[in-house]
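Below is one structure; the comments refer to it alone.
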Amino acid sequence: QVQLVESGGGLVQAGGSLRLSCAASGRMFTITLMGWYRQAPGKQRELVASITRTGTISYADSVKGRFTISRDNTKNTVDLQMSSLKPEDTAIYYCNFKDYRDFWGQGTQVTVSS
């Protein structure tokens with residue numbers, strides 16, 4: 001019933017920018033956390049950025065200063081603005097929502113060429 005859909009992925013050159021969006025459909029209870037994860041081939045899925053219901057933000061060290069997470073609690077959307085992209089940012093990016101449950105999108109591919 002609940003479904004998260006990511007969009008905005010694509011191919012960009014190193015140094016470029018990209019904005020990812022995630023929209024939730026279906027009814028959820030109060031969302032306590034929204035976040036973006038990524039997974040590169042052969043690697044573990046890692047947390048990129050998260051934002052709490054009250055607005056507390058956390059970033060992975062590798063993206064700090066380059067990525068910005070934002071959300072709209074009433075619309076149940078979360079965005080990730082990515083700038084100064086590097087080839088090592090190449091991965092499938094997943095959004096994640098938490099109420100008392102855990103919801104995942106199917107992912108969107110981001111490829112950064114050198």
Side-chain angles (χ1 to χ4, degrees):
Q1 183 64 28
V2 174
Q3 189 171 10
L4 309 185
V5 180
E6 301 97 340
S7 63
L11 174 65
V12 297
Q13 295 181 356
S17 298
L18 204 62
R19 178 182 287 271
L20 305 183
S21 297
C22 177
S25 62
R27 187 173 182 180
M28 292 174 285
F29 293 91
T30 301
I31 302 299
T32 60
L33 190 74
M34 300 178 182
W36 286 94
Y37 291 72
R38 68 186 182 188
Q39 187 168 24
K43 296 185 178 180
Q44 287 268 19
R45 187 175 299 187
E46 64 176 351
L47 179 64
V48 176
S50 65
I51 183 167
T52 70
R53 179 176 55 86
T54 56
T56 300
I57 294 173
S58 180
Y59 295 103
D61 288 342
S62 60
V63 307
K64 196 170 298 182
R66 300 187 297 120
F67 290 11
T68 302
I69 190 171
S70 60
R71 58 90 176 87
D72 187 325
N73 287 338
T74 61
K75 296 180 179 179
N76 287 332
T77 60
V78 60
D79 288 2
L80 186 69
Q81 176 64 49
M82 305 183 293
S83 300
S84 301
L85 283 162
K86 305 174 180 179
E88 50 262 47
D89 295 318
T90 295
I92 301 175
Y93 284 70
Y94 301 87
C95 66
N96 170 252
F97 283 22
K98 301 183 189 296
D99 49 15
Y100 68 96
R101 300 162 293 179
D102 209 14
F103 302 100
W104 293 90
Q106 292 187 353
T108 185
Q109 177 71 48
V110 171
T111 303
V112 184
S113 64
S114 59

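Heavy atoms only: backbone and side chains are in, while hydrogens, waters and symmetry mates are out. Note that the coordinates shown come from a computational prediction; the quantities given were computed from them, not determined experimentally.
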query: Which residues pass the ring pair (Phe, Tyr, Trp, His ring centres under 6.0 Å) test with Y37, sequence neighbours left out?
result: W104
statement: Rounding to 0.5 Å, atoms CG (L33) and CZ (R71) come to a distance of 10.5 Å
task: Check the hydrophobic clustering (I, L, V, M, F, W, Y; side-chain heavy atoms under 4.5 Å; chains of links allowed) and say if I92 and V112 are grouped together.
output: no
Please report, to 0.1 Å, the donor-acceptor pairs under 3.5 Å made by any side chain of residues 8-21, with sequence neighbours excluded.
| from | atom 1 | to | atom 2 | distance (Å) |
| --- | --- | --- | --- | --- |
| R19 | NE | Q81 | OE1 | 3.1 |
| R19 | NH1 | D79 | OD2 | 3.4 |
| R19 | NH2 | Q81 | OE1 | 3.1 |
| S21 | OG | D79 | OD1 | 3.2 |

Stepwise side-chain contact (heavy atoms from CB on, under 4.5 Å) check, R66 with Y59: CA-CA 10 Å; R66 300 187 297 120; Y59 295 103; over 6 Å; no
- line: All heavy atoms of V110 vs all of M82, minimum pair found to be CG2-CE, 3.9 Å
task: Sort and list the pairs that fulfil salt bridge (charged side-chain N to carboxylate O under 4.0 Å, His left out) and have at least one residue in residues 35-64, not counting sequence neighbours.
output: R38-E46, R38-D89, D61-K64
task: Apply the test side-chain contact (heavy atoms from CB on, under 4.5 Å) to residues Q39 and Y94: give CA-CA distance (whole Å), side-chain angles for both, the deciding distance (0.1 Å), then the verdict.
output: CA-CA 8 Å; Q39 187 168 24; Y94 301 87; 4.2 Å; yes
- prompt: Would a distance-only check, ignoring hydrogens and angles, find a side-chain to backbone donor-acceptor pair under 3.5 Å from E6 to Q106?
  reply: yes
statement: Residues L4 and F103: closest non-hydrogen pair is CD1-O, 3.5 Å
- prompt: Is the backbone N or O of A23 less than 3.5 Å from a side-chain atom of N76, with the two atoms forming a donor-acceptor pair by type?
  reply: no
task: Test Y100 against F29 for ring-ring contact (aromatic ring centres under 6.0 Å, His included), laying out the working first.
output: CA-CA 8 Å; Y100 68 96; F29 293 91; 5.4 Å; yes
query: Got a second to check how far T32's OG1 is from D99's CG, nearest 0.5 Å?
result: 7.0 Å
field: Heavy-atom closest pair, residues C22 and F97
entry: SG-CE1, 4.3 Å
